[in-house]
Chemist: 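Before we start, here is the structure in question, set down as structure tokens.
Per chain, numbering begins at 1; letters A, B, ... match sequence-line order.
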Number of protein chains: 2
Amino acid sequence: MENDIDNIPGGLEAEPWCIRERGLDPRRAFLHETLFTLGNGYIGMRGTPEEGHGPGGALKGTLEGTYLNGFHDTEAIHYPENAYGLARTNEFMLNVPNAKRITLEVDGALFTLDSGTVHAYERTLDFRTGVLARSVEWEAPSGQRLRIDSRRLVCLQRKHVAALEVAVTPLDFSGTVRLLADVDAAVSNMQAGDDPRVGSAITGPSLQLVGREVGETDVLVLQRTRNSGFLLATATDSVLDSPARLERLAGGHAFEVQARRGETIVLRKFVAYATSRDMDEGQVGAHARAEVARARADGFDALVAEQGAWLAGFWNEADVVIDGDDALQQGVRFNQFHLLQSVGRDGKTNIAAKGVTGEGYEGHYFWDTEIYVFPFFLFSRPEIARALLQYRYNGLPKARERARQMAHARGALYPWRTIAGEECSAYYPAGTAQYHINADVAYSIRLYWLATGDLDFIAQCGAEILLETARIWLGLGSWDRQGRFCINEVTGPDEYTALVNNNYYTNAMARMHMTFAADMIERLRAERPGEHARVAAAIGLEDAEIAAMRAAGAAMRLPYDEELGIHEQDDSFLSKKPWDFANTPQEHYPLLLHYHPLVIYRHQVCKQADVVLALMLLSNQFALDDKRRDFDYYERVTTHDSSLSSCIFSIVASEVGYRDKAYAYFMETARLDLDNTHANTQTGVHTAAMAGTWLGVAYGFGGMRLDEDGLRFAPALPDRWTGYRFQVHVRGALLEVAVGPGGAGYRLLKGAHLALAHRGRAFELNAGQPHIHMGDLA
Amino acid sequence: MENDIDNIPGGLEAEPWCIRERGLDPRRAFLHETLFTLGNGYIGMRGTPEEGHGPGGALKGTLEGTYLNGFHDTEAIHYPENAYGLARTNEFMLNVPNAKRITLEVDGALFTLDSGTVHAYERTLDFRTGVLARSVEWEAPSGQRLRIDSRRLVCLQRKHVAALEVAVTPLDFSGTVRLLADVDAAVSNMQAGDDPRVGSAITGPSLQLVGREVGETDVLVLQRTRNSGFLLATATDSVLDSPARLERLAGGHAFEVQARRGETIVLRKFVAYATSRDMDEGQVGAHARAEVARARADGFDALVAEQGAWLAGFWNEADVVIDGDDALQQGVRFNQFHLLQSVGRDGKTNIAAKGVTGEGYEGHYFWDTEIYVFPFFLFSRPEIARALLQYRYNGLPKARERARQMAHARGALYPWRTIAGEECSAYYPAGTAQYHINADVAYSIRLYWLATGDLDFIAQCGAEILLETARIWLGLGSWDRQGRFCINEVTGPDEYTALVNNNYYTNAMARMHMTFAADMIERLRAERPGEHARVAAAIGLEDAEIAAMRAAGAAMRLPYDEELGIHEQDDSFLSKKPWDFANTPQEHYPLLLHYHPLVIYRHQVCKQADVVLALMLLSNQFALDDKRRDFDYYERVTTHDSSLSSCIFSIVASEVGYRDKAYAYFMETARLDLDNTHANTQTGVHTAAMAGTWLGVAYGFGGMRLDEDGLRFAPALPDRWTGYRFQVHVRGALLEVAVGPGGAGYRLLKGAHLALAHRGRAFELNAGQPHIHMGDLA
């Protein structure tokens, strides 16, 4: 990461359906590569130019990255002082060959943006088409002037496929144009620096060449990962629309054209990646070739059309409209678009903290998925949410192993951070100690159940996850002398407070988890006795365990301070010294980069929402006055150094009636990456905050909640907006909620009827009969 | 460490003044190398044979080690997940060239203990002579039989010098005997395994050759450490007493003799080490040569005589006699002898956890010095104790730097483990978090003051240490809502409980520390105004700080559980789940090698004395009933997985009247290394436990305490003993305490008079007038 660009905001104009770069700012190149990333939940292709950068130019030091979600190598983790049970193996997402490379020479002069003269430059990523388009007018150092138009897409409907097109038009000359289309297989991951938010050390190149075939116009590169042993195929095929001298090179092909002034030459390149993580090893190369061939046969324009149609379907059911604030509108859609680009949909992959846009956090999946991202997909594209749960189900065997390493005789403990299920957290106080991951997964299952009523899923996968993970609480917790069930030595969501006893969030979520697990298994027993018997046998479930879960839930210690009238973050939080914010210079944030963990941990200071997150997730368990006091107290001690914080504060601020704060926190979330407010979007977008934006609209301004008390809304209209609309898939219906100055309207876009409530008043919504609540806003 | 020998006890017979090995047991070779180590507080030379072991023989896999106290290289510490302020640089004691090597060939057959036939073998390390002697009768594979007698010493009065002698006698043949005396400079440290008690990874050889000179019979090797940049000289000179053909080789000399049956050939080798850590770089080589030359001129027998005389002086004033238990007597003297061999006396070095006997804990100094080892030297050789304090004074500048890294604007924070003052603890929860190190140093100054009344030291060094280190408590601590001064997020002595609030030991010691610091600076102000002004100016001391220290001390939170009537180890200790000892198999100890830290930390389980240590150190602050209840409670939850534990439990058991327990714990301590009860003496002796043995006699059975209430004793006689005697240097006097079945006697061996107390009754002891308390034992 280049220090001098860390704090540059995106500088992009507010447009509702795209991001657009006019002119080229070298200071922003690294950041914009992330913002302009294309992805389809599997392939992620950073927005680097197809021709690359000149080696010594102003644009050097950026990150040429292409990633495949879940495709990883492993490295042993070494600790300077070892201890039993520490995570032993890191899994990290690999930078794979750069197959999009197309370089251009004009009469021997190599085109790069940092050579010659760029007379015009514009680049657009359109959320409706899913196409990254660039138009450049360039004058070579030797004087030739030409226009280069390119388009690129990563196919949302074709997991393995990407394609691009480069059109070159000589403007004031005729001469030799040489286009080189190849595969750069000599790639490697970034070197990790000292920033714990990037990654760990990698000891050597991960991809080892197995074979390379350069055919008539096609290329196939086969590589194997060094430690994880996966086979990777990178296939391309390149098609020029003009007569050319074709030269076959070691890594690709050169097309040499005698170009004429004003006549456009078009090169199209079709790309596919496949790996043995997805299919039998023997099929990998053939599959990549076949996908390239199919794409080529369909043609570039067909791919563009297909992409647009698919996205139209998405926006049709997921679009959030904000009237009166273009910058926010852009941020909201940008975030939704990137979530869609980042999320794995195959049940074997998930959504990484940085999606497939960069190497921050090494492509790891965290609780971010369940608590932040999951609701967005659940209510926008439920089948994707289902796939995310499937991923966790597939992770149960590894989670059982991990539980044994952590001395739990029964149950399953999910890893804090992982790709393929190994615990990859090399700093356990802010990693493995976050046992709440188990409850977070359970929470997402509960939300899925509430939103879909899908008992098949509960029977097939959900109950097993719920019970295996709930067992951990019984082993972890203990009864104190006052007869309370305590959970000691854990870390809650707030990573500025570690290894505490009775973290409020953890305990409250564990209570929800155990109670819900018990409810679900008893429902199965009543409604699906056969399925119940299968699940109980599979995990050796005893009735006494269910009783123990209910008893522990009922007696759970939930710290509350009578004097302050607030929920205490943990047993000792309020006994600690308040952080001296007045004497903390601005440049000492984020604190984690400027203070030893011991210094941070011994103070009352929070990185992020913790109790406040519980207020939102377990909304119906709290009185409004308590929520307000909690919000007031924790807001004073929270730095929001985590990108997971502002959206939650925005939602709870909405609920307790702090309209200005709700708006301000929402702004921080909605444009976090566009404005690079955390100064590290260069290494990837923040998917949790992106999803938090949707939550900020629906849960925050819309006041939406879904729990045992049903689906309800309590909409407010921020002062600067003239209106907003969002959609919710729930119980098979598609609900539109529209809020304007006059009130709120509800209508069913799909489905026959739906029970819900507006500001505490229940009503039934039927197809074709919208409900409008005039003037009745929160 | 070879697993198959981990659990082998020493197997040595109980003799009062030596350890003796009869016959050779390959399983014990690695362990015995440690036990037979010679040292003088600077050089440490493991008890490997001068001829080495055969490369593939039964004795391979041991550790050929020579160390110089404080002589170290450094390596950067890399963390798989980094954080601000973590220790950045490790310092580790280096294995230096093996200068004692003398190999022997008989008619071309190389002598090693694992070849040919060993007909007789005996080795002795005598605590009175300080000489390691070995006698071997060996038959070569080709049939020649000979006796090889060797003696070796590391000169206690010559910091840089060691010497050895090898005498070879052909028993049944005449033939060619070739003795090769050289310096093996191709040495390196052990490879660290996964055991956190050994060491961290070292990336490459540390000693790089600068030059080598092989003279007529002398060798000089100059090397430089890779990162720390120290120059090391290793010098030898070898003298044969018989005519020989002398051959000069690359690394030394070969002496070839036509030996005759029954006639003895003697080779003597004089060795010196010097480094630029001790002197100007330009002198290093010359000094080593000069010391070798002086030793050679004096002669081997003169060195032996000098060593014996010096040791006679030591034993005369420090010997502890135990009548009726030879095994204990041996253990006690073995431990005293090794402490003397291990302790640095130059103010630049200290005493490592493993002395200079091995690479466990990398030659680091810990709090073990102040709390365990210091009292032994204070009461046996006060000038050595003074040098240990000087070491800490010299470390103040680094401790100030470390305090700033830890966000303390004022004061000095000593490193948890170090050689030259850098914090080398790479796992902060059981390292840097042990802030009690500051109070431990203060405690040793207080004890020194109480034992010597040396106000000069307080003025010159002590006050500055006391106040700079006490300032940390003011910055670290905070006031809770009940008006108590709290110290949060620290780790106490018990490393099975980490990052807690208000650790009893830490808070009680901090109170002592702040109060004593305030007392001493006010005494200086009253008695030495000039010195007071100098100290106050040097550290910018303000009167308000003294007042703040007294206020914090007075309001210190000291957890006490009214229900159980015990001092709580920290705010949450008693709320945790008791460890399930009944279901912990024996092979799961020590727990740290079988359970994740989170599992250990969330349970009520102690590695070692914590509250119980406070009971001993701050003895006059506790009622006897409280002590007994504390002992009872904490004994049940303590594993003694640390070697620092048993001696303290023995002492407090004595005090509360548990005679059998006192004896049993004492046995565990006194023969910990001889019996290898911690299964890791191979990598070095346990100096703290060794000193704990002396404490067990004087503080435990002798009931000695020295605090503001004066010097006092409350002797008891263990059932198996017929009597015991120990000596105490105090206030310029040398006191002998003798305990027998009939009672206890006190007499002054030096000094005119001394005030003390026997079982609560004060009396004055005068020269020539012993006091005997008949029948009045505890």
Chemist: Non-hydrogen atoms of chain A under 4.5 Å away: do they reach the side chain of B:Ala498, the backbone, both or neither?
Modeler: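 For B:Ala498, the contact with chain A is made by the backbone alone.
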Chemist: If you compare all heavy atoms of B:Lys577 against all heavy atoms of A:Leu474, which two are closest, and at what distance to 0.1 Å?
Modeler: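 Looks like NZ-O, 4.5 Å.
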Chemist: Do A:Leu598 and B:Leu499 come close enough that some side-chain heavy atom pair is under 4.5 Å?
Modeler: yes
Chemist: Looking only at non-hydrogen atoms, find the nearest pair between A:Ala407 and B:Tyr595 and report the distance.
Modeler: CB-CD2, 4.1 Å
Chemist: Is any side-chain heavy atom of A:Ile77 closer than 4.5 Å to a side-chain heavy atom of B:Glu81?
Modeler: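 They are not in contact (no side-chain heavy atoms under 4.5 Å apart), so the answer is no.
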Chemist: With a 4.5 angstrom heavy-atom cut-off, which part of B:Asn583 approaches chain A: side chain, backbone, both or neither?
Modeler: neither
Chemist: In the structure I gave you, are the side-chain heavy atoms of B:Lys576 and A:Glu489 within less than 4.5 Å of one another anywhere?
Modeler: yes
Chemist: In Å, rounded to the nearest 0.5 Å, how long is the span from CG of A:Asn502 to OG of B:Ser575?
Modeler: 8.0 Å
Chemist: At a heavy-atom separation under 4.5 Å, does A:Leu476 approach chain B through its side chain, its backbone, both, or neither?
Modeler: both
Chemist: Please classify the contact of B:Ile600 with chain A as side chain, backbone, both or neither, using a heavy-atom distance under 4.5 Å.
Modeler: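 Interface part for B:Ile600: neither.
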Chemist: Where do B:Val599 and A:Met406 come nearest, in terms of heavy atoms and distance?
Modeler: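 Nearest pair, atom of B:Val599 first, then A:Met406: CG2-O, 3.3 Å.
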Chemist: Side chain, backbone, both or neither: which part of A:Ile487 has an atom under 4.5 Å from a heavy atom of chain B?
Modeler: neither
Chemist: Which one of A:Asn501, A:Val500, A:Asp480 has the most heavy-atom pairs closer than 4.5 Å to chain B?
Modeler: A:Asn501
Chemist: Would you mind checking which part of B:Leu591 comes under 4.5 Å of any heavy atom in chain A, side chain (CB onward), backbone (N, CA, C, O), both or neither?
Modeler: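 Looking at B:Leu591, nothing touches chain A.
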Chemist: At a 4.5 Å cut-off on heavy atoms, which part of A:Asp561 comes close to chain B: side chain, backbone, both, or neither?
Modeler: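 Contact with chain B is through the side chain of A:Asp561 alone.
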Chemist: Side chain, backbone, both or neither: which part of B:His603 has an atom under 4.5 Å from a heavy atom of chain A?
Modeler: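 Nothing of B:His603, per the 4.5 Å heavy-atom cut-off to chain A.
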Chemist: Using the ring of each side chain (for Trp, its six-membered ring), is B:Tyr601 parallel, tilted or perpendicular to A:Tyr428, with breaks at 30° and 60°?
Modeler: tilted
Chemist: Looking at A:Arg484, A:His78, A:His594, which has the largest count of heavy-atom pairs under 4.5 Å with chain B?
Modeler: A:His594
